[in-house]
Structures are given as C-alpha cells and as structure tokens.
Amino acid sequence: LLYMAWTALHIFTLTGWASFIWLVHHITSYPVPNQCRMTYLLPYFHLLHTPHHTKYALYRYVELSSPPPVHTRVQPVLFLSGHSGGKRQIRSLAGHSIRLASNTSLEFYTIDYQEELSAFHAQLVLEQAHYLNKCLTHLTTTHVL
C-alpha cells in the first residue's frame, strides 16, 4: 500500500513538472502581441446645488476627452459609491460608458459621501439615504424620463 502511494506521488509530481515545462515553453515560443489600447480620462466634476445639505454633494461627471453629445435623447445615470466611497470612483465606469454609448447620450451623476465609513454606522446610512432621495427628486425634476 505504501509502495502504491509512493508511486502515485511520483506520477503526480512528474505530471506537474511536465505541465509546467510545457506551459513555459508555450508562453515563450508563441508570444501574443499586446492588443490593449491605453485610455486617457480627463474628468471634470460639476457641482450641482441641491437643497439644504452641507455634508454631501451631488456632482455631474463630464468627460473632457470625449466630444460633446449630439443626441437629443439624454439618459441620466446616478452612480452610488459604497462604503468609504467618494466622487472619484465613477471615473472609469462613466468614461468608458460615454465612449461606448452610440445611440443615447449618457449623463453621469454621482454623490460624494465624503468617504464615510457607512458600513459601521447605521445613522450614516440613513443620512445618506435621505440625501439620495433629495438627489433623485432633483434629477427627476430636471430630466424628463
């Protein structure tokens, strides 16, 4: 029984080394050209005035590196960052989505929660939810959906 276990261990070890050597050979013998393009984002955060709140802020994200929208149909998108989130977390998602949107013009909005640690305090979540309701009311009055 011990001999069979020892033999199985040798077989698995040899198979592992053979697979590793084949993988290294395959990677070094057949290089793949880099097909990634570098993306550059030039974000601008336009502060919107919302009623009676000094702790949080609503921002409209504007991507300065993309051309201005020519579509008449505007779709608002509100991005909410989570625990310890801030306004800058929207950059990558909004920047790439604006470039990929072909038939609609996307307007991204985000709420800056000042990177509060809201997962640890229920009162912060309630304050953030209250401000979110104010922002949704503001956005639905400015955009006809």
Side-chain angles (χ1 to χ4, degrees), residues 5-6 8-145:
W6 189 255
L9 179 65
H10 280 292
I11 290 172
F12 286 128
T13 304
L14 290 175
T15 306
W17 276 109
S19 299
F20 177 73
I21 291 171
W22 176 83
L23 182 64
V24 169
H25 170 71
H26 185 71
I27 290 173
T28 57
S29 298
Y30 306 105
V32 177
N34 187 2
Q35 298 177 356
C36 296
R37 289 188 349 227
M38 187 64 185
T39 57
Y40 298 97
L41 300 175
L42 295 172
Y44 173 72
F45 296 96
H46 177 70
L47 177 64
L48 300 175
H49 298 288
T50 52
H52 311 297
H53 209 284
T54 58
K55 190 174 182 181
Y56 306 128
L58 177 66
Y59 289 91
R60 178 172 174 245
Y61 177 86
V62 179
E63 180 56 50
L64 298 176
S65 66
S66 65
V70 294
H71 305 291
T72 57
R73 182 171 173 242
V74 175
Q75 184 67 39
V77 179
L78 179 62
F79 176 81
L80 298 175
S81 55
H83 170 74
S84 184
K87 67 181 179 184
R88 298 201 180 275
Q89 291 181 342
I90 194 175
R91 290 181 350 184
S92 183
L93 173 74
H96 292 293
S97 298
I98 289 170
R99 289 183 182 146
L100 294 176
S102 58
N103 57 354
T104 59
S105 177
L106 299 175
E107 283 189 4
F108 280 88
Y109 297 91
T110 185
I111 297 175
D112 189 12
Y113 287 131
Q114 305 295 327
E115 299 180 5
E116 286 183 329
L117 304 177
S118 59
F120 301 124
H121 201 282
Q123 183 61 34
L124 291 177
V125 175
L126 290 174
E127 291 174 10
Q128 291 175 358
H130 182 68
Y131 185 71
L132 171 63
N133 284 332
K134 287 182 180 181
C135 291
L136 287 174
T137 303
H138 176 74
L139 289 176
T140 54
T141 57
T142 57
H143 290 281
V144 177
L145 301 176

Problem - Leu48/His46 under side-chain contact (heavy atoms from CB on, under 4.5 Å): CA gap, chis, key distance, verdict - result: CA-CA 6 Å; Leu48 300 175; His46 177 70; 3.5 Å; yes
Handout entry: side-chain contact (heavy atoms from CB on, under 4.5 Å) between Tyr44 and Arg60, worked out
Key = CA-CA 8 Å; Tyr44 173 72; Arg60 178 172 174 245; over 6 Å; no
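When all heavy atoms of Val74 and His143 are compared, the pair lying nearest together is CG1-CE1, 4.1 Å. When all heavy atoms are compared, the tightest approach of Leu47 to Ala57 is CD1-CB, 3.7 Å. Of all non-hydrogen atoms in Ser84 and Gln89, the two that sit nearest each other are O-NE2, 4.1 Å. Smallest separation of non-hydrogen atoms from Gly86 and Ser81: N-OG, 3.5 Å.
For the atom pair Ile90 CD1 and Thr110 OG1, the distance stands at 4.5 Å (nearest 0.5 Å).
Partners of Tyr56 by ring-ring contact (aromatic ring centres under 6.0 Å, His included), not counting sequence neighbours, listed by chain and number: His53, Tyr113, Tyr131.
Side chains of Tyr61 and Arg91 form a contact here, defined as non-hydrogen atoms less than 4.5 Å apart. Using a 4.5 Å heavy-atom cutoff, the side chains of Leu78 and Leu58 are in contact. Between Thr137 and Leu139, every side-chain heavy-atom pair lies at or beyond the 4.5 Å cut-off. Counting heavy atoms from C-beta on, the side chains of Ile111 and Leu132 come closer than 4.5 Å.
Counting only residues at least two apart or on different chains, the side-chain hydrogen bond (donor to acceptor under 3.5 Å, both in side chains) pairs with a member in residues 118-130 are Lys55-Glu127, Glu116-Gln128.
Between Tyr59 and Tyr109, the distance separating the two ring centers is not shorter than 6.0 angstrom.
Judged purely by atom type and a 3.5 angstrom limit, Glu107 has no side-chain atom pairing as donor or acceptor with the backbone of Gln75.
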